[in-house]
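As structure tokens, the structure follows; a few thoughts come after it.
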Amino acid sequence: MGRYVIRRLLQSILVVVGVTFLVFIILYQTGDPVQLLVGPDATKDDIAQIRHEMGFDRPWYVQYADFMSGAVHGDFGTSLRQDQPVWDLVVERLPATLELAIAAFVLSLVISLPVGIISATRRNSIWDNLSMGGALFGQSLPVFFLGIILIYIFAGQLKILPSFGRGSGGIQSQFSHLVLPAITLGTFSLARNARLIRSSLLEVLGLEFVKTARAKGLTENTVVWRHALKNALIPVVTIFGLEFGNLLGGAVITETVFAWPGVGRMVILAIQQRDFPLVVGTVTVVAIIFVILNLLVDLLYGLLDPRVRYS
């Protein structure tokens, strides 16, 4: 177990380094950020001087090495536009993104689990056809389109929910602002997970140990909840664990549509402004969260299935 954890930690570090390397290379090829910082009247000498002061005149691999050296010590640089430490900006915006991702994740989990179980236990029924048809429809809707439709119906026509922002009042105000973004972000995950739970449970229900449990006279609820579901959840846990990381990444579009003040919207603005340190620092933090979740999911296998052993 210990060796496995160490090996997975080393792999996770390599993943984070690889992500930051790719992002750094892509940003380096997009152009010179100094061109957006200086005014139109700046001369070539002024631009060259500013590039030298900021270190952008050095080779990209030297800049990357400096970034990684600082990141190891928790220093992700300073935002070019806001002139604040990147870490402080990420910490300030991260709670809003986590709030949105957690709400979408809970929504997906609470709805997809019973929908998938009922669809599997009532295969080919009207309920099964309706729920799987709705799941397929949910997977087909683009996030930005669904968000605009929800804003038009619930904020524009019915006027019962706000269309943008996080809410600065009490709990009720914050909850009302969270509803539409959470539904928008969680719909695709909900639909996919419902189909996955259904297919996984159907596969387990056809195995021999389930037939044996039924032959012993156990009720169908006991067979499904006590025997089949635990085995069916093993592949589902993988998806749920990685799903939260995907929701963090998918929040970029949702936060833009609803003007949600999270790291996703901040990254979009940083990309438009070529704020390289802010983009790389934010992506690094999100990548770290993602690999930690992935590691926790791998370790959770042993709790769900005693047959799983780490070597």
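For the single chain, residues carry numbers from 1 onward in sequence order.
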Set of side-chain contact (heavy atoms from CB on, under 4.5 Å) partners for [X], sequence neighbours left out:
X: Val267; answer: Ile271, Thr282
X: Leu269; answer: Gln272
X: Leu89; answer: Ser79, Gln82, Gln84, Glu92, Met266, Leu278
X: Pro181; answer: Leu100, Thr254, Phe258, Trp260

Would you tabulate the side-chain donor-acceptor contacts of residues 127-138 under 3.5 Å, counting partners in other chains and residues two or more places apart, or write 'none'?
residue	atom	partner	partner atom	Å
Asp128	OD1	Arg198	NE	2.8
Asp128	OD2	Asn124	N	2.8
Asp128	OD2	Arg198	NH2	2.9
Asn129	ND2	Ser125	O	3.2
Ser131	OG	Ser119	OG	2.6
Ser131	OG	Trp127	O	2.8
Ser131	OG	Asp128	O	3.1

query: Which ILVMFWY residues are connected to Phe188, directly or by a chain of links, through side-chain heavy atoms under 4.5 Å apart?
result: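 Members alongside Phe188: none; it stands by itself.
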Note to self: Who clusters with Leu202? Use side-chain heavy atoms, under 4.5 angstrom, across I, L, V, M, F, W and Y, and order the result by chain and number.
What the structure shows: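 None, because no other hydrophobic side chain comes under 4.5 Å of this residue.
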Check: [X] side chain, [Y] main-chain N or O, donor-acceptor pair, under 3.5 Å:
X: Ser69; Y: Ala65; result: no
X: Asn193; Y: Ser189; result: yes
X: Ser200; Y: Leu196; result: no

For residues 9-23, the salt bridge (Lys or Arg N to Asp or Glu O under 4.0 Å) pairs (sequence neighbours left out) are none
Between atom [atom1] of [X] and atom [atom2] of [Y], what is the distance when rounded to the nearest 0.5 Å?
X: Leu293; Y: Ile288; atom1: CG; atom2: CD1; answer: 12.0 Å
X: Ile253; Y: Leu185; atom1: CD1; atom2: CG; answer: 9.5 Å
X: Ile102; Y: Leu107; atom1: CD1; atom2: CG; answer: 13.5 Å
X: Ile118; Y: Leu113; atom1: CD1; atom2: CG; answer: 9.5 Å

task = Taking side chain to side chain donor-acceptor pair (under 3.5 Å) as the test, write out the residues that go with Glu99, two or more places apart.
result =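 For Glu99 the side chain to side chain donor-acceptor pair (under 3.5 Å) partners, ignoring immediate neighbours, are Arg166.
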Check against ring-ring contact (aromatic ring centres under 6.0 Å, His included), Trp60 and Phe21: CA-CA 10 Å; Trp60 65 266; Phe21 180 78; 5.7 Å; yes
Side chains of [X] and [Y] in contact at under 4.5 Å (non-hydrogen atoms):
X: Val286; Y: Phe290; value: no
X: Val86; Y: Thr78; value: no
X: Ile111; Y: Pro114; value: no

- prompt: Under 30°, 30 to 60°, or over 60°: which ring-plane class applies to Tyr64 and Phe24, parallel, tilted or perpendicular?
  reply: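 Judged by the thresholds at 30° and 60°, the geometry between Tyr64 and Phe24 is perpendicular.
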Under 3.5 Å, sequence neighbours excluded: what are the donor-acceptor pairs made by side chains of residues 141-165?
residue	atom	partner	partner atom	Å
Tyr152	OH	Gln157	NE2	3.3
Lys159	NZ	Gly156	O	3.2

Shortest non-hydrogen contact from [X] toward [Y]:
X: Thr97; Y: Gly262; result: OG1-CA, 3.2 Å
X: Ser112; Y: Ile197; result: O-CD1, 3.6 Å
X: Arg274; Y: Leu80; result: O-CD1, 3.8 Å

Might you work through the side chain to side chain contact (heavy atoms under 4.5 Å, CB included) test for Thr284 and Val19, ending with a clear yes or no?
CA-CA 7 Å; Thr284 303; Val19 169; over 6 Å; no
* **Where at least one partner belongs to residues 134-145, residue pairs that pass side-chain hydrogen bond (donor to acceptor under 3.5 Å, both in side chains), sequence neighbours excluded** =>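 Found Gln139-Arg195.
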**Study point:** Those residues that, when tested against Arg58, pass salt bridge (charged side-chain N to carboxylate O under 4.0 Å, His left out) (two or more places apart)
**Key:**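 Testing Arg58 for salt bridge (charged side-chain N to carboxylate O under 4.0 Å, His left out), a comparison that skips the adjacent residues, returns Asp66.
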